K.L.:
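Pasting in a structure now, in structure tokens, and then I'll have a few things to ask.
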Number of protein chains: 2
Amino acid sequence: MRLLIVEDEPNLGQQLKNALEGAGYAVDLATDGEEGLYLGSNEQYDAIILDLGLPEIDGLTVLDRWRKEGKSTPVLVLTARDSWSDKVAGLDAGADDYVAKPFQTEELIARLRALIRRSSGNASAELTAGDIRLDTRSGKVTKAGEPVKLTAQEYKLLSYLLHHKGKVVSRTELIDHIYDQDFDRDSNTIEVFVTRIRKKLGAEIITTIRGLGYSLDEPS
Amino acid sequence: MRLLIVEDEPNLGQQLKNALEGAGYAVDLATDGEEGLYLGSNEQYDAIILDLGLPEIDGLTVLDRWRKEGKSTPVLVLTARDSWSDKVAGLDAGADDYVAKPFQTEELIARLRALIRRSSGNASAELTAGDIRLDTRSGKVTKAGEPVKLTAQEYKLLSYLLHHKGKVVSRTELIDHIYDQDFDRDSNTIEVFVTRIRKKLGAEIITTIRGLGYSLDEPS
DNA sequence: CGCAACCTGACACCCGCCTGTCATGCCCGT
DNA sequence: ACGGGCATGACAGGCGGGTGTCAGGTTGCG
């Protein structure tokens with residue numbers, strides 16, 4: 001899962017980035033509205049964290065533009081506490097959730113998870129396929145009840161596939177969502193990690209669609 | 001906790017050693033009866049695993065000699081399955097427990113734990129002092145209910161002190177029981193690890209007895 | 001007061017795991 | 001059967017945590 005943070009206060013921004021990377025996300029950080037607008041329009045994010053108090057371009061304007069461009073990426077807005085007007089304006093502009101500053105990183109991460117879950121159409125914090133279960137809360141995976149140890153990247157890849165169960169996911173899409181901006185596109189890491197996941201969870205779990213990508217389906 | 005394995009079949013011996021080191025013991029391995037006899041007589045072990053089917057000197061003879069020397073180290077004997085005569089003879093010679101070959105490593109470790117626990121006069125698998133609990137089964141430690149992360153060596157040291165709660169334990173004794181044979185005696189690691197444990201569990205837990213060693217007491 | 005015992009922060013090494021790269025081999029579709 | 005796409009084993013660099021060493025400071029005893 002890949003995120004964008006748009007936050008002009010560098011300390012807070014970096015701190016957030018660290019926390020979210022620690023939670024297993026790939027994170028890009030934009031330090032002003034313009035950069036944020038550009039990245040949000042041109043890159044693929046699974047969610048965006050947007051601070052409203054930006055210099056240059058106002059956060060609301062940024063959000064508004066994205067929506068007008070047809071971007072439906074879920075957006076979580078950071079507002080000053082009790083700033084009711086922001087909240088209302090944000091709602092109108094198409095924000096999906098709010099967190100008031102100052103906030104607990106814990107809470108923000110929980111809401112993010114919920115946001116991404118909702119946007120991928122899943123109701124539960126558990127993603128499953130066959131006898132495989134992935135708990136997005138604890139970050140743990142089991143197969144037939146037995147815990148399976150996955151590394152960070154393996155987890156991200158599996159998690160993305162589960163969030164898009166049944167759909168075909170291209171290698172580029174996976175790279176876009178698992179890594180942040182600067183990553184060598186012509187690398188075969190995705191293939192390597194697919195192999196590693198198959199080795200741990202069984203080869204049948206991920207099917208290859210030649211020329212298109214991979215797909216994780218409910219076994220028949 | 002330091003163990004001696006006396007086992008002539010090299011594969012099995014090494015395998016056992018690995019398993020037991022994995023379980024957090026310091027392990028010496030003797031591959032014949034003579035070496036076993038010598039080590040068992042001259043080193044400090046918390047328990048000995050003795051295979052009866054030894055070349056040169058018979059296992060029973062070894063055990064018998066130790067007992068005659070007044071060694072009370074608990075001994076766990078490995079016997080061929082259903083070899084009832086071995087069992088009886090072993091009992092007479094002063095063995096403390098039996099495991100029939102082939103055995104589950106799991107079971108052997110469980111019996112070892114029980115053996116060591118009994119020999120140190122503790123009834124339970126939990127060692128405690130004040131609000132600190134150490135579960136020898138799971139290898140986990142808590143302080144006031146909160147889990148505390150200890151490294152392998154920290155755990156061994158704490159565990160040894162808890163097994164001898166209230167007694168003064170010298171630095172050499174600690175080295176003897178925590179490390180295996182070849183270890184630099186004039187090193188200050190013990191001091192270092194005492195410091196580290198104090199930092200994690202509170203300075204009051206281990207008291208220094210100047211010139212003699214350390215002692216872990218029930219707080220008053 | 002002076003010495004020895006002990007404490008403790010900093011450091012460097014080592015080791016295991018993770019991760020991306022590469023070379024090679026396989027397999028499928030044409 | 002051939003070519004491109006994919007699979008996979010092996011490998012090296014990096015990173016982080018654990019461990020032992022050391023130096024300098026502190027403490028307590030005679």
Side-chain angles (χ1 to χ4, degrees), chain A residues 18 21-22 24-26 139 141 148-161 168-176 178-216, chain B residues 18 21-22 24-26 139 141 148-161 168-176 178-216:
Chain A
N18 294 340
E21 284 176 344
Y25 297 99
V141 175
V148 177
K149 273 188 103 178
L150 295 189
T151 68
Q153 298 294 79
E154 286 163 6
Y155 178 86
K156 285 190 205 171
L157 180 37
L158 177 65
S159 154
Y160 190 85
L161 287 175
V168 177
V169 181
S170 72
R171 214 165 13 275
T172 22
E173 184 177 348
L174 284 169
I175 289 184
D176 280 347
I178 289 175
Y179 296 97
D180 48 21
Q181 280 185 282
D182 23 56
F183 184 81
D184 181 19
R185 327 287 295 177
D186 32 340
S187 144
N188 75 335
T189 33
I190 297 296
E191 282 151 291
V192 171
F193 277 105
V194 166
T195 297
R196 285 173 185 161
I197 293 175
R198 281 177 175 153
K199 206 177 288 178
K200 290 186 181 180
L201 296 176
E204 65 289 357
I205 177 177
I206 300 173
T207 58
T208 306
I209 290 90
R210 199 154 235 263
L212 292 179
Y214 297 99
S215 154
L216 193 157
Chain B
N18 292 341
E21 284 176 344
Y25 297 99
V141 175
V148 177
K149 271 187 104 179
L150 295 188
T151 68
Q153 299 294 80
E154 286 162 6
Y155 178 86
K156 286 189 204 171
L157 180 35
L158 177 66
S159 154
Y160 191 85
L161 287 176
V168 178
V169 181
S170 72
R171 211 160 24 277
T172 22
E173 184 178 348
L174 284 170
I175 288 186
D176 279 346
I178 289 175
Y179 296 97
D180 47 22
Q181 280 184 282
D182 22 57
F183 184 80
D184 180 20
R185 330 283 297 176
D186 31 340
S187 145
N188 76 335
T189 33
I190 297 296
E191 282 151 27
V192 171
F193 277 105
V194 167
T195 299
R196 285 174 185 160
I197 292 174
R198 281 177 175 152
K199 204 177 291 177
K200 291 187 179 179
L201 296 177
E204 65 289 356
I205 176 174
I206 298 173
T207 59
T208 305
I209 289 88
R210 198 155 236 263
L212 291 179
Y214 298 99
S215 153
L216 193 155

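Letters A, B, ... mirror the listed sequences (proteins, then strands); counts begin at 1. Every value quoted in this text rests on a predicted model; they were computed, and no experiment measured them.
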K.L.:
From the set C:dG20, C:dT21, D:dG20, return the single nucleotide nearest to any side-chain atom of A:Tyr179.
P.N.:
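In terms of side-chain proximity for A:Tyr179, the closest of C:dG20, C:dT21, D:dG20 is C:dG20.
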K.L.:
Which heavy atom of A:Leu201 sits nearest a heavy atom of A:Val141, and at what distance?
P.N.:
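Smallest interatomic distance, heavy atoms only, reads CD2-CG1, 4.5 Å.
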K.L.:
Which listed nucleotide (C:dC7, D:dT19, C:dC27) is nearest to the side chain of B:Ala152?
P.N.:
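Of all the options, the side chain of B:Ala152 is nearest to D:dT19.
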K.L.:
Just N and O in the side chain of A:Arg198: are any of them under 4.0 Å from OP1 or OP2 of D:dA7?
P.N.:
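So the side-chain polar atoms of A:Arg198 do come within 4.0 Å of the phosphate oxygens OP1 or OP2 of D:dA7, strictly under.
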K.L.:
Check the side chains of A:Tyr214 and A:Glu191 for a donor-acceptor pair under 3.5 angstrom, ignoring hydrogens and angles.
P.N.:
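Looking only at side-chain atoms, A:Tyr214 and A:Glu191 do not form any donor-acceptor pair under 3.5 Å.
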K.L.:
Any side-chain N or O of A:Lys199 below 4.0 angstrom from OP1/OP2 of D:dG9?
P.N.:
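Result: yes.
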K.L.:
What is the distance, to the nearest angstrom, from the CD atom on B:Glu21 to the C1' atom on C:dC15?
P.N.:
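After rounding, the reported distance stands at 15 Å.
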K.L.:
Could you check A:Phe183 against A:Arg210 and say which one's nearest nucleotide on DNA chain C is further toward the 5' end?
P.N.:
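That would be A:Phe183.
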K.L.:
Kindly give the heavy-atom pair with the smallest separation between B:Lys200 and B:Leu150, and that separation in Å.
P.N.:
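Nearest heavy atoms, B:Lys200 then B:Leu150: CD-CD2, 3.6 Å.
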K.L.:
Is the distance from OP1 or OP2 of C:dC7 to the nearest side-chain N or O of B:Thr208 less than 4.0 Å?
P.N.:
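It does, given that an N or O in the side chain of B:Thr208 lies less than 4.0 Å from OP1 or OP2 of C:dC7.
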K.L.:
Any donor-acceptor pair under 3.5 Å joining the side chain of A:Asn188 to the base of D:dT8?
P.N.:
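Side chain to base: pair present.
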K.L.:
Given atom CG of B:Leu212 and atom P of D:dG28, what is their separation to the nearest angstrom?
P.N.:
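Taking atom P of D:dG28 as the reference, CG of B:Leu212 is at 16 Å.
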K.L.:
Whole Å only: how far is the CZ atom of B:Phe193 from the C1' atom of D:dG17?
P.N.:
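That distance rounds to 12 Å.
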K.L.:
Between D:dG20, D:dC6, C:dT21, which nucleotide gets closest to the side-chain atoms of A:Arg171?
P.N.:
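The listed nucleotide nearest to A:Arg171's side chain is D:dC6.
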K.L.:
Any side-chain N or O of B:Arg196 less than 4.0 Å from the OP1 or OP2 oxygen of C:dC7?
P.N.:
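Answer is no, no contact under 4.0 Å.
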K.L.:
For A:Ser187 and C:dG20, is the shortest distance between a side-chain N/O and OP1 or OP2 below 4.0 Å?
P.N.:
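A:Ser187 to C:dG20 OP1/OP2: no side-chain N or O under 4.0 Å.
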K.L.:
Rounded to whole angstrom units, what separation is found between the CD atom of A:Glu154 and the P atom of C:dG20?
P.N.:
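Between P of C:dG20 and CD of A:Glu154: 11 Å.
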K.L.:
Quick one: is B:Lys149 getting a side-chain N or O under 4.0 Å of the D:dG17 phosphate, OP1 or OP2?
P.N.:
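Checking D:dG17 against B:Lys149, no side-chain N or O comes under 4.0 Å of OP1 or OP2.
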K.L.:
Without decimals, in angstroms, what is the distance between B:Ile209 CD1 and D:dT27 P?
P.N.:
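Going from CD1 in B:Ile209 over to P in D:dT27 covers 19 Å.
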K.L.:
Of the non-hydrogen atoms in A:Glu154 and A:Phe193, which two are nearest, and what is the gap between them?
P.N.:
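Distance-wise, the nearest heavy atoms are CG-CD2, 3.7 Å.
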K.L.:
Roughly how far, to the nearest 0.5 Å, is the CD1 atom of A:Ile178 from the OG1 atom of A:Thr189?
P.N.:
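A:Thr189 atom OG1 to A:Ile178 atom CD1 measures 8.5 Å (nearest 0.5 Å).
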K.L.:
Grab the CD1-C1' distance between B:Ile206 and C:dT8 for me, whole Å please.
P.N.:
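Value for this atom pair: 14 Å.
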K.L.:
Check the distance between D:dT8's P and A:Ile197's CD1 and give it to me in whole angstrom.
P.N.:
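It is 13 Å, rounded to the nearest whole Å.
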K.L.:
Of all the nucleotides listed (C:dT19, C:dC7, D:dT8), which has the minimum atom distance to the side chain of A:Thr151?
P.N.:
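The answer is C:dT19, which lies nearest to the side chain.
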K.L.:
Can you tell me the distance, in whole Å, between the OH atom of A:Tyr155 and the P atom of C:dC17?
P.N.:
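Checked: the OH to P distance equals 22 Å.
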K.L.:
I want to check one thing: is the phosphate of C:dG20, taken as OP1 and OP2, less than 4.0 Å away from some side-chain N or O of A:Thr189?
P.N.:
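Answer is no, no contact under 4.0 Å.
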K.L.:
Is any side-chain nitrogen or oxygen of B:Tyr214 closer than 4.0 Å to OP1 or OP2 of C:dC6?
P.N.:
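Result: no.
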K.L.:
Return the CD to CG distance between B:Glu173 and B:Leu161, rounded to the nearest 0.5 Å.
P.N.:
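It comes to 9.0 Å.
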K.L.:
Reckon B:Val192 touches a base, only the sugar-phosphate, or nothing at all at heavy-atom distances under 4.0 Å?
P.N.:
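Base: the residue B:Val192, judged by heavy atoms under 4.0 Å, touches a nucleobase.
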K.L.:
Are OP1 or OP2 of C:dG20 and a side-chain N or O of A:Gln153 less than 4.0 angstrom apart?
P.N.:
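Yes, such a contact exists.
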